[in-house]
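Here's the structure, in structure tokens; my notes come after.
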Amino acid sequence: MKTDTFFVIGSFFLAGLLILASKPQQLQSHYTDKAIGKINEKFQEDLSTFYETTLQFHKATNSFQQEKISENILQQEYTTLRKSFKKIEFFVEYLDKEAFDKTLNGPPLPKLEKKVADVNILSPKGLQVIDELIGSGFPTHSEKKELVENAYKLKNDLKKIKRFLGVRRVTDRQFFEASRQAMIRLATLGITGFDTPGTQSGIKDVATVLNTQRTYLQFYNKELHNVNAENLLAQFQKITAQGIVQTEKEEFDCFNRLSFIKNVVNPLYKNLKDIHLSLDYETIEEVSRYPLAVNYNADHLFEKDFLNKFYYVSIVNDSNFNKIASLGKLLFYDPVLSQNNRVSCSSCHAPDKAFTDGLVTSNSNTGTPLKRNSMTLNYSVFASSYFHDMRAKRLEDQFEHVVLNKDEFNSSYPEIVEKLRTSPTYTELFVKAFPAYDKPIKPNNIDYALAAYVMQFNTFDSPVDIYFQEDNVSLSQEVKNGFNLFTGKANCATCHFLPTFSGLVPPLYKESEAEVLGVPEKNQEPWVLDDDIGRLGNGVTQEVADFYANAFKTPTVRNIEKTGPYMHNGVYNKLEEVMEFYIEGGGAGLGFGIDHQTLAPDPLNLSETEKEDIITFMKSLNDRKEFQFPSELPRDFSEKKLNNRELIK
């Protein structure tokens, strides 16, 4: 009896051990059977293939340098490398953005390393550098040597990235985020030529990107069947097939980007979100504690809330925001903020001129011309740096520079606070806007109020926006042609990125760029480079680098018809003059020897009709909404002379 009892107990114990031993394998099997398990396996397989391709490409560059293979064979090897890269690009950029930008696919320009105490210059390397060399035709031995060195760096850097990503396992949420990010990159950096500065092969990349996404999405077939959403997958497959057909045998200069974005990229971007939500997987906005630059719930790139303006400021999106913005509107037009009570923000930023002043350079508080042109405040919140020289790092920090500048407001915060506290109207408005403060009229609250008002200057309601936002809306053929030239042959969109048409860099939209154009001092011969050193002289010690000399923030071209004269010094009065400057290769075309000019020095070879179409397109970026001056300003200050100040219009 005891023997039987022990046998039974032993059997149960052994069975329990077997169950415990088998549980991880069962879980692993369950994970592998799910879509995300197959996706992770596929990614690791594609990553290994890309690494092997980098080894092969490095061998090919050596053989090319030694003249053992022809340029045609090298081009074929590069095409193979690029196809392999495009299959893993979206995952690598999402999972290791820093390594992606620094070593794998950074632009062929020097940059400063961020978040370090000292100035550390990062030399350009990666696929964009290689692409530029491949597209050059290799006229010199040194360029062949440079190609070999870059191919060697690429395989070594990828080896480190592969080691890091080899143990990573993405979740369903991360897969959909990465996939939607890939659609943004395709539209803004892929088909525009930004990613392929030498070969201009971005259109050929489209098929690889779309086929990759189609392959990965197919793994969700069973899960979508379980939630009766198979139609979403079928829709995705149909749109990707349409996109691939559209890019077949298309050349870079004549590709219809307008149609591709409207009929392929935007629908795919929405479709990916719909699939994600139908499967009921968490989204980034459900797990993130902080605001995000890109609104994950947006359906497409030109939706009004595609970008989250609250990401770029310290202002909280709560029930008080509208009260803060209303207060900011009064302050914006009120000269009481200046020392002489004669100058307001609207003195240099008039609403009817897209918040510029229409002058060559802005006037000082005594009426004398200043050194720089007034920048538009439309869409200005979408940036990581502000002013032409990018010296301010938050929108709400700009006002301090104006207050303390002896040529502008020539005032101080204590002086402004003292004035405002003598107005019962302003006191009440500050109390309502900032109820948590015992004494709400404070310097930072003044900054927040002005910033909140400026945050409203983003309407995304131009004819181009409406075309993307609504069905059955048409554009003239000239505007369509202009859009395709702007985002293609003319290379405008490689600096003025969609959808802000500014230097805010996609796909994350977290960093603003400056460009060295070589702007002349005057629009006449003899040509002389303007002596304003721009970003190099902005006073930020971490930005003291020679390649920032003559660099200025890339502004938006939205409402550009209203913002002339143009350039930081207002040297050009007409858009036609600006276009001629770019067409001739900027400062290089004028004969300036600027080693670090970021604008391509080669002439664009645009016809008169093409130039006119681009200008027509840019004019179609005018917003429809008009902003109005306040009807009146508070006039209950204890000091009578303040009540007699003028509302500046």
Side-chain angles (χ1 to χ4, degrees), residues 38-39 41-57 60 74-95 100 104-105 126-128 130-132 134-135 154 158 161-162 165 170 175-176 178-219 233 236-252 255-257 259-261 263-269 271-272 487-488 506-507:
K38 296 175 182 177
I39 285 171
E41 286 182 353
K42 176 64 174 169
F43 169 59
Q44 293 300 326
E45 176 187 320
D46 289 343
L47 185 61
S48 295
T49 300
F50 179 48
Y51 178 65
E52 294 299 322
T53 308
T54 62
L55 298 178
Q56 180 60 36
F57 181 71
L74 180 68
Q75 294 278 3
Q76 292 171 16
E77 292 288 349
Y78 177 66
T79 298
T80 302
L81 175 74
R82 186 147 197 89
K83 285 183 178 179
S84 181
F85 166 66
K86 298 305 287 188
K87 290 180 180 180
I88 55 93
E89 177 187 43
F90 78 113
F91 262 143
V92 178
E93 181 173 31
Y94 178 86
L95 295 171
F100 181 88
L104 199 58
N105 195 45
L127 278 158
Q128 287 192 42
I130 291 173
D131 190 271
E132 199 163 57
I134 291 285
L154 178 66
L158 181 61
I161 294 173
K162 185 175 180 294
L165 295 181
V170 298
F175 166 73
F176 284 105
S179 296
R180 298 190 86 203
Q181 189 172 297
M183 292 300 106
I184 297 174
R185 186 175 196 96
L186 184 63
T188 59
L189 303 177
I191 61 176
T192 62
F194 180 91
D195 278 338
T196 51
T199 65
Q200 299 286 272
S201 59
I203 308 304
K204 296 177 182 177
D205 288 339
V206 171
T208 304
V209 173
L210 295 184
N211 270 323
T212 298
Q213 291 298 318
R214 187 161 59 176
T215 298
Y216 277 101
L217 259 293
Q218 191 61 41
F219 292 132
L233 181 60
F236 186 89
Q237 308 287 27
K238 180 180 179 181
I239 299 170
T240 52
Q242 175 186 336
I244 292 169
V245 169
Q246 186 176 341
T247 58
E248 286 180 347
K249 301 178 181 179
E250 281 284 359
E251 295 298 324
F252 183 85
F255 182 59
N256 191 337
R257 292 164 178 82
S259 171
F260 184 76
I261 293 173
N263 299 314
V264 178
V265 174
N266 281 348
L268 286 179
Y269 192 73
N271 184 262
L272 283 164
T487 55

(message) Within this structure, what is the OH-CZ distance for the pair Y94 and F176, rounded to the nearest 0.5 Å?
(response) 12.5 Å
(request) Quickly, which of N271, V209, L217, L268 forms a side-chain contact (heavy atoms from CB on, under 4.5 Å) with T240? Name it, please. (result) L268
(message) What I want to check is whether the side chains of D131 and T196 have a donor and an acceptor closer together than 3.5 Å.
(response) no
(request) Over all heavy atoms of both residues, which pair between F90 and A182 is shortest? Give the atoms and the distance, please. (result) CB-CB, 3.6 Å
(request) Could you check I244 against E248 for side-chain contact (heavy atoms from CB on, under 4.5 Å), going step by step and ending with a plain yes or no? (result) CA-CA 6 Å; I244 292 169; E248 286 180 347; 4.3 Å; yes
(request) Please report the closest heavy-atom contact between I261 and A187, naming both atoms and the distance. (result) CG1-CB, 4.2 Å
(message) Any non-hydrogen side-chain atom of L47 less than 4.5 Å from a side-chain atom of F91?
(response) no
(message) How about CD on E251, more than 12 heavy atoms from neighbouring residues, nucleotides or ligands closer than 6.0 Å, or not?
(response) no
(message) Any heavy-atom pair between the side chains of K86 and K83 that's under 4.5 Å?
(response) no
(request) Specify the closest pair of heavy atoms between N256 and Q246, including all atoms of both residues, with the distance to one decimal. (result) O-NE2, 3.2 Å
(request) Can you measure from CG (L272) to CD (Q181) and round to the nearest 0.5 angstrom? (result) 12.5 Å
(request) State, with a plain yes or no, whether a side-chain heavy atom of R257 is found less than 4.5 Å away from one of I203. (result) yes
(request) Kindly state each residue pair satisfying salt bridge (charged side-chain N to carboxylate O under 4.0 Å, His left out) with at least one member in residues 181-200, sequence neighbours excluded. (result) E89-R185, E93-R185, R185-D195
(request) Nearest 0.5 Å please: distance from the CZ atom of F194 over to the OG1 atom of T188. (result) 9.0 Å
(message) Is any side-chain heavy atom of V206 closer than 4.5 Å to one of F260?
(response) yes
(request) Please tell me if the side chains of L210 and M183 come closer than 4.5 Å, counting only heavy atoms from C-beta onward. (result) yes
(message) A side-chain contact here means heavy atoms from C-beta on lying under 4.5 Å apart; do I191 and T487 qualify?
(response) no
(request) Mind listing the closest non-hydrogen atom pair of L189 and P506 along with its distance? (result) CD1-O, 3.5 Å
(message) With side chain to side chain donor-acceptor pair (under 3.5 Å) as the rule and sequence neighbours excluded, what pairs involving residues 202-217 come up?
(response) D46-Y216, R82-D205, S179-Q213, N211-R214
(message) Less than 4.5 Å apart, side chain to side chain, heavy atoms only: is that true for F43 and L95?
(response) yes
(message) Checking R180 now: which residues fulfil salt bridge (charged side-chain N to carboxylate O under 4.0 Å, His left out) with it, not counting sequence neighbours?
(response) none
(message) Nearest 0.5 Å, please: how far is CG in L127 from OH in Y78?
(response) 6.0 Å
(message) Rounded at 0.5 Å granularity, tell me how far NZ in K38 sits from CD in Q218.
(response) 10.0 Å
(request) Indicate yes or no: at least one non-hydrogen side-chain atom of L158 is less than 4.5 angstrom from one of F85. (result) no
(request) Kindly compute the distance separating OG1 (T199) from CD (Q128), expressed to the nearest 0.5 Å. (result) 10.5 Å
(message) Whether the side chain of S84 engages the backbone of L81 through a donor-acceptor N/O pair (distance < 3.5 Å, no angle test) should be reported.
(response) no
